[in-house]
Amino acid sequence: MNHFLDIHTTDADALHRMIAQARRMKSARDGRPRGMPDDETPLAGRMVALIFEKPSTRTRVSFDVGVRQMGGETMVLSGNDMQLGHGETIADTARVLSRYVDMIMIRTFDEAVLTEMADYADVPVINGLTDRSHPCQIMADVMTYEEHRGPIAGKKVVWTGDGNNVCASFLHAAGQFGFDLTFTGPAQLDPDPEFIGFARSRGSTVTIERDPARAVAGADLVVADTWVSMHDAQSARERRHNLLRPYQVNDRLMAAARPDALFMHCLPAHREEEVTSAVMDGPSSVVFDEAENRLHAQKAIMRWCLDV
Ligand code: CP
Ligand code: NVA
């Protein structure tokens, strides 16, 4: 039994195999109605609990559809409606759920909730985003880059804006998939040095460049995310916007990257804030492929978790 808690804590060969399997499963579905199960249904008879303590569109729908395509069933639970949100411990919740379901995906705030769930569950636990990381997203992003441009190893990825949870998983992926990452954003919002240290310890070059135009020179991939994440206080909104405005991804910034550079955003995007509509809807953008690939990548992650 495998938990999928983070990219840096999962074996790199296993990550590569998951991406390859996701691509095979995607092409095997080519042209089929979305609701039709796969030819192979490795999750037949399995029940998966999907717990959300924060809002979600992509994670909720892609996990739900992915389980059904593989022949399983899901139960979508809101943390607030569970006893978990009213004083029952994470450990007890994990022990109880393990008596009913075959796998647990959880989106939560504090990373400690995820790790405690994994410590006490007898079934695999998957990280569907915490305040610290978003590994499923970056598996889809690596898959998307490679579909369009071939191996991501050796490429230059530029993260613009807030050094947040999604940036953290990009840094973990830099170490595991062998690409370099340049962070461009204000010093107040730098990524945690621990994430940078992981990427460097695996031989990736991590650069911090405050000037966004200089940062994107030679970039193969430019990435943006919201300026205010779900775990950020709304009272910090104005301060963050003021700090982050110089890091907006627009046509001028994309023109400073390589001519074949791709643009990614995990979505939801705030158009005309961190990215302009011209870039989101322009020829470099692969944002909807990323969203689709959540489905395929997570199907491979779930198969790895259950070894099926
Ligand atoms: N990218 C992502 O995780 O989207 P949701 O918040 O809609 O799940
Ligand atoms: N950084 C964003 C990602 C949303 C998918 C957040 O945590 O809100």
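Keep in mind the model is a prediction, meaning the values are calculated, not measured. Just so you know, ligand 1 is whichever comes first in the structure, and atom 1 is the first atom listed for that ligand.
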Requested in this report: Only heavy atoms count here, so choose which of R58, M230, H134, R107 is nearest to atom 8 (O) of ligand 2.
Outcome: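 Comparing heavy atoms across R58, M230, H134, R107, the nearest one to atom 8 (O) of ligand 2 lies in M230.
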
Query - Selection from S56, C266, S62 by shortest heavy-atom distance to atom 8 (O) of ligand 1 - result: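 Heavy atom nearest to atom 8 (O) of ligand 1 belongs to S56.
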
Please report the interatomic distance [atom1]([X]) to [atom2]([Y]), rounded to the nearest 0.5 Å.
X: C136; Y: L129; atom1: SG; atom2: CG; value: 9.5 Å
X: H231; Y: F109; atom1: NE2; atom2: CZ; value: 9.5 Å
X: L262; Y: E147; atom1: CG; atom2: CD; value: 11.0 Å
X: I138; Y: M264; atom1: CD1; atom2: CE; value: 9.0 Å
X: H148; Y: E290; atom1: NE2; atom2: CD; value: 9.0 Å
X: I106; Y: N127; atom1: CD1; atom2: CG; value: 9.0 Å

Query raised in the report: Would you call E272 and R245 a salt bridge, using N to O less than 4.0 angstrom?
Result: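 No, no charged N to carboxylate O under 4.0 Å.
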
Query raised in the report: Are R132 and D192 ion-paired here, with the side-chain N under 4.0 Å from a carboxylate O?
Result: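 Yes, this pair counts.
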
Query - Geometric N/O contact M230 with ligand 1, under 3.5 angstrom - result: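 N/O-N/O distance under 3.5 Å: no.
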
Requested in this report: Would you check whether R60 has a nitrogen or oxygen atom less than 3.5 angstrom from a nitrogen or oxygen atom of ligand 1?
Outcome: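 There is no such contact.
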
For [atom], find the nearest protein heavy atom and state the residue, atom name and distance (0.1 Å precision).
atom: atom 4 (O) of ligand 1; answer: R58 NE, 2.8 Å
atom: atom 2 (C) of ligand 1; answer: R294 NH1, 3.3 Å
atom: atom 7 (O) of ligand 2; answer: N165 ND2, 2.8 Å
atom: atom 7 (O) of ligand 1; answer: T57 N, 2.7 Å
atom: atom 6 (O) of ligand 1; answer: R107 NH1, 2.8 Å

Report task. Looking only at distances, please establish whether an N/O atom of ligand 2 is found under 3.5 Å from an N/O atom of V228. Result ->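 In this structure, V228 places no N or O atom under 3.5 Å from an N or O of ligand 2.
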
Query raised in the report: Looking only at distance, does S229 have an N or O less than 3.5 Å from an N or O of ligand 2?
Result: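 So ligand 2 has an N or O lying under 3.5 Å from an N or O of S229.
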
Query raised in the report: Looking at ligand 1, does L267 have a heavy atom less than 4.0 Å from it?
Result: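 Judged by the 4.0 Å heavy-atom criterion, L267 does count as contacting ligand 1.
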
Query raised in the report: How does K54 reach ligand 1, by side chain, by backbone, by both or by neither, if only non-hydrogen atoms under 4.0 Å count?
Result: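 Contact part for K54 vs ligand 1: neither.
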
Query raised in the report: Just which atoms of ligand 2 are under 4.0 Å from any heavy atom in L267?
Result: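 Counting from 1, the qualifying ligand atoms are 5 (C).
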
Report task. Indicate the ring-plane relationship of W159 and F170, choosing parallel, tilted or perpendicular according to the 30° and 60° boundaries. Result ->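 The arrangement is tilted - the two ring planes meet at 30° to 60°.
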
